[in-house]
Every structure is written in C-alpha cells, then in structure tokens.
Protein chains: 2
Amino acid sequence: MFAERGIKATTVRQIGASVGILSGSLYHHFGSKFDLVDAILADFCETTMASYSEIVAADDDTITKLRRMTGYAFSLIGDNPAAVLMIQNEGSMLSQQSRFQYLNTTERKVETMWIDVVRTGVKEGRIRPDVDPRIFYRIVRDSVAGSIRWYKPTPNHKIDAIAEEVITILLNGILVPGKK
Amino acid sequence: MFAERGIKATTVRQIGASVGILSGSLYHHFGSKFDLVDAILADFCETTMASYSEIVAADDDTITKLRRMTGYAFSLIGDNPAAVLMIQNEGSMLSQQSRFQYLNTTERKVETMWIDVVRTGVKEGRIRPDVDPRIFYRIVRDSVAGSIRWYKPTPNHKIDAIAEEVITILLNGILVPGKK
DNA sequence: GTCTATAAACTGATAGAC
DNA sequence: GTCTATCAGTTTATAGAC
C-alpha cells in the first residue's frame, strides 16, 4: 500500500482495514506508521547488501559477475517490488530522516561494488576504458528500477529473460558491427 | 513542490505561502489542487509529443534520429524536472483518474515512435534483429527518468554530455570487441 | 485579488473496556 | 489482541469583508 499510494497518502485506517482490524488495534503491534515503513525497508536493505557481497566475492569471471549482479538486481523486482518502489518514489524524502540513514549507506555500498567490478573489467582489457563506470551502473540501476512499472510476471515472460536482454544490450550494444 | 514532496503531501497552504498569499486566495486562481497538477502536466505532455514528432519526421539518418531523440529526452530533465518527477512518481495513480487519461495516451504515442525508429534501423540492417525494440526503449526511458535523481547541472557537466555517454553505451556496448 | 474566519472532513495516535 | 471512543491537529475548500 505504501508503494502503490505513497506513505503519506496511505492512512493507518486503510492499513488496518486491509488486515481486517481497526486503526487503533494496529498500535498494539507497531508504535507508529513509520515503524511499519522501517520494518519493510531495513530488512530489504540488509538482504540486498548481503546478496551483492556474495556475488562480488565469488570466484567468477568479471563479465560473469556483471551478468549475475544484473540478474540479482532484476530478481528484486519479482521478490520485493514494494520495497523497491518505496525506495524509488520516496527514498530521497525518507533518507533525510536520521532513522533512515541506512538507505544512503546501502545505496553507496552497492554503487561502489558495481563500479569496482567495472573498473576491474577495464584493467583486464575486457571493458572499453572510455566507459564511465558510474554512468554504466546508473543505466543498469535505473533500468531495473523502471522495470517495476511495466513488468508483469507470467510463466512465459520471466524476469531472468529480461535481465539477460538488458545486459546483452549493455555489453554488446544494438548496432550491427562494422556497418557505417 | 508536487515533485519534491508528492502531490498529497503538498498542502495548499504551502503552495500559497510559496507565492506569498494565503491558501484561501489560491482558489481565486484555481478550482482545486488537482487543477494545478493538471495545468503542469497537460502542457508538458503537449510540448513533449510535438517535439518528438518533429524529430521523427525530420530527414535524418535512423541512428542520428535515435541520438537526437535521446538528447531530447535528457533535455527534458533540465527543462522541466518537476513534470518528469511527478509523472514518474505518481503517474500510475494519476492515470487512473479519467481527467488524466492524456498521460496514458502520451506515453503510448512516444513509445510507438521510439519502437518504429528502432524497427526501421533493423530493416536497414544497421541494428541487430535480435534486439527487442521495447526493451531498448525502456532502457533509454528509465535511464532518462533515473537521471533526474542524481544529475546536478554544472557548467562542466552538461546534460547533453550524459545523453551522449548513454547512447554510446547503448549503441556500441561496453565490451572491447573481439576479446573473449 | 487578497484577506479573515470557519466549515466539514480526515489525520495519526491514545486510553481504557472487553 | 481487538474493540469503542475520542483527542488534538491538519486538511481541502468555502463565504463574505475589504
């Protein structure tokens, strides 16, 4: 509900009604509306960070790592779309509050991991040195974030396939080589 | 203010204060809060559609058209960041109301224009036929939309340069050719 | 065209009965 | 653990003086 309507626009009465109790009863379980937001986002940030760390630490080829990181990023859309949407839509407002500082911390650490992998690829001579690692990371991140607005999961159209199409375009481009 | 805090979270008192009048006086100029939203978005959609149509109709090379369309899309971030953010954050909520149906119409028409240009490029043998035009469009669109969250305009770092870096990655990829 | 004043509804949160 | 009942504050919007 926070993701669909926004945090401010979602009332505690609506939240209570969605689980079949009244607004007053909610306060037996949570101290405030923002405690609910915190419970959703803190867990999401923790597992996201842990999963990325695991992929980066693995003994894989650099390009394979980029593929796996892209695949994981897209899998978040399927596994926790609400948290992704909340951070995307209201992250900048939330991260101004001290209790949500971990949003900034997580974003910074994830960005650093992506950029480090791209830089390694450049050193290995596999990635063109004129590619800006930050721009590359942002294209991936924003493509993932944007996919939440149009991706509808079906058995025939899995999120893995979309991740594969996106990383293929980013690795190889769309142009037919050698033509001018 | 709608873009920064969200439409629901922005009060008519805050809007009035920002232009030096009280909330009551605002209703001499606008019938409701959503009339203000409408005034911002309707104008934005109209000029965006017109500009894209002009680029597509021009007598340019297909790849040049893609470059110009990407450049124009990024220029919207600099010219009207508020409207872009409002549509990005609350577009799906707004477009459920009948008065904001033009948001859906505009989005559909813009997407069709992008896809048509990519398909032309495939027919001309310049773009690989295995590229999904929809996925390509969405990568561009979401990269543009996402840039609004990190791009800070400075004389040294113009939005045109970012547009050029993004389209270069999408056209050519990041890999060094021929390596395996 | 802006003001004062206020209506009418809604908001997050609390206290205490059951 | 949920309820009733309600507080105190805020919200959009209106009516009428200036």
Side-chain angles (χ1 to χ4, degrees), chain A residues 1-45 80-104, chain B residues 1-45 80-104:
Chain A
M1 299 175 76
F2 290 147
E4 283 170 20
R5 317 182 207 197
I7 296 167
K8 180 103 181 183
T10 303
T11 70
V12 290
R13 283 169 179 77
Q14 292 171 332
I15 297 171
S18 78
V19 291
I21 60 176
L22 294 185
S23 68
S25 309
L26 263 184
Y27 288 85
H28 178 76
H29 305 275
F30 290 96
S32 76
K33 189 167 126 175
F34 277 92
D35 280 4
L36 276 164
V37 176
D38 200 12
I40 296 169
L41 297 185
D43 180 61
F44 175 78
C45 285
N80 202 341
V84 176
L85 261 175
M86 287 169 68
I87 292 172
Q88 200 185 343
N89 289 345
E90 317 196 69
S92 62
M93 281 143 63
L94 291 171
S95 60
Q96 285 167 7
Q97 299 178 39
S98 57
R99 77 181 293 183
F100 289 109
Q101 272 309 304
Y102 61 84
L103 288 175
N104 290 322
Chain B
M1 300 174 76
F2 290 147
E4 283 171 18
R5 317 181 207 196
I7 295 167
K8 181 99 182 186
T10 303
T11 70
V12 290
R13 282 172 180 78
Q14 292 171 331
I15 297 170
S18 79
V19 292
I21 60 177
L22 292 187
S23 68
S25 308
L26 263 184
Y27 287 86
H28 178 76
H29 304 275
F30 289 96
S32 77
K33 191 167 126 176
F34 276 92
D35 280 4
L36 276 163
V37 176
D38 200 13
I40 297 169
L41 297 186
D43 180 62
F44 174 79
C45 286
N80 202 340
V84 176
L85 262 176
M86 287 167 68
I87 292 173
Q88 201 184 343
N89 289 344
E90 317 196 70
S92 62
M93 281 142 64
L94 291 171
S95 60
Q96 284 167 8
Q97 299 177 40
S98 58
R99 77 180 294 183
F100 289 110
Q101 271 310 303
Y102 61 83
L103 289 175
N104 290 322

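Within every chain, numbering begins at 1; the chains are lettered A, B, ... in the order of the sequence lines, protein sequences first and strands thereafter.
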| task | List in chain and number order the residues that pass side chain to side chain contact (heavy atoms under 4.5 Å, CB included) with A:Gln14, two or more places apart in sequence or in another chain; answer none if no residue qualifies. | result |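 Testing A:Gln14 for side chain to side chain contact (heavy atoms under 4.5 Å, CB included), a comparison that skips the adjacent residues, returns A:Met1, A:Arg5, A:Thr10, A:Thr11.
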| said: Test of understanding: with side chain to side chain contact (heavy atoms under 4.5 Å, CB included), list the residues that count as partners of B:Ala3, not counting sequence neighbours. | reply: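 Result, side chain to side chain contact (heavy atoms under 4.5 Å, CB included) vs B:Ala3: B:Ala82, B:Leu85, B:Met86.
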For residues 15-26 of chain B, tabulate all N or O donor-acceptor pairs below 3.5 Å that involve a side-chain atom, not counting sequence neighbours.
residue	atom	partner	partner atom	Å
B:Ser18	OG	B:Ile15	O	2.7

| Of all heavy-atom pairs between B:Leu94 and B:Phe100, which one has the smallest distance, and what is that distance? |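 Between these two residues, the closest heavy atoms are O-CB, 3.3 Å.
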| Atom pair distance, as rounded to whole Å: NE2 in B:His29 and C1' in C:dC3 |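 Interatomic distance, NE2 of B:His29 to C1' of C:dC3: 12 Å.
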| Atom-to-atom span, CD1 of A:Ile15 to C1' of D:dT2 - whole angstrom |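 In whole Å, D:dT2 C1' and A:Ile15 CD1 are 17 Å from each other.
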| task | List the protein contact pattern of nucleotides 11-18 of chain C with one symbol per nucleotide (5' to 3'): B for base contact, S for sugar-phosphate-only contact, - for none; contact means a heavy-atom distance under 4.0 Å. | result | BBBB----
| field | Residue pairs passing the side chain to side chain donor-acceptor pair (under 3.5 Å) test where at least one lies in residues 87-97 of chain A, sequence neighbours excluded | value |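 Side chain to side chain donor-acceptor pair (under 3.5 Å) check on residues 87-97 of chain A returns A:Asn89-A:Arg149.
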| Could you give the angle between the helix axes at the two ends of the helix from C:dG1-D:dC18 to C:dC18-D:dG1, with five pairs per end, rounded to 10 degrees? |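 Nearest ten degrees gives 10° for this helix.
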| task | May I have all residue pairs that pass salt bridge (charged side-chain N to carboxylate O under 4.0 Å, His left out) and include part of residues 13-26 of chain A, sequence neighbours excluded? | result |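 Every pair satisfying salt bridge (charged side-chain N to carboxylate O under 4.0 Å, His left out) with a residue in residues 13-26 of chain A: there are none.
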| query | Base, sugar-phosphate alone, or nothing: which one does A:Ile21 contact when heavy atoms must sit under 4.0 Å apart? | reply |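 Sugar-phosphate: the residue A:Ile21, judged by heavy atoms under 4.0 Å, touches backbone atoms but no base.
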| Would you say B:His28 reaches C:dC3's phosphate, i.e. side-chain N/O to OP1/OP2 under 4.0 Å? |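 Negative; the distance criterion is not met.
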| query | Does B:Gln101 have any side-chain hydrogen bond (donor to acceptor under 3.5 Å, both in side chains) partners at least two apart in sequence or in another chain, and if so, which? | reply |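 Expected list: B:Asn104.
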| field | By side-chain hydrogen bond (donor to acceptor under 3.5 Å, both in side chains) - contacts of A:Asp38 (at least two apart) | value |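 Scan of A:Asp38 (side-chain hydrogen bond (donor to acceptor under 3.5 Å, both in side chains), adjacent residues dropped) gives A:Arg99, A:Tyr102.
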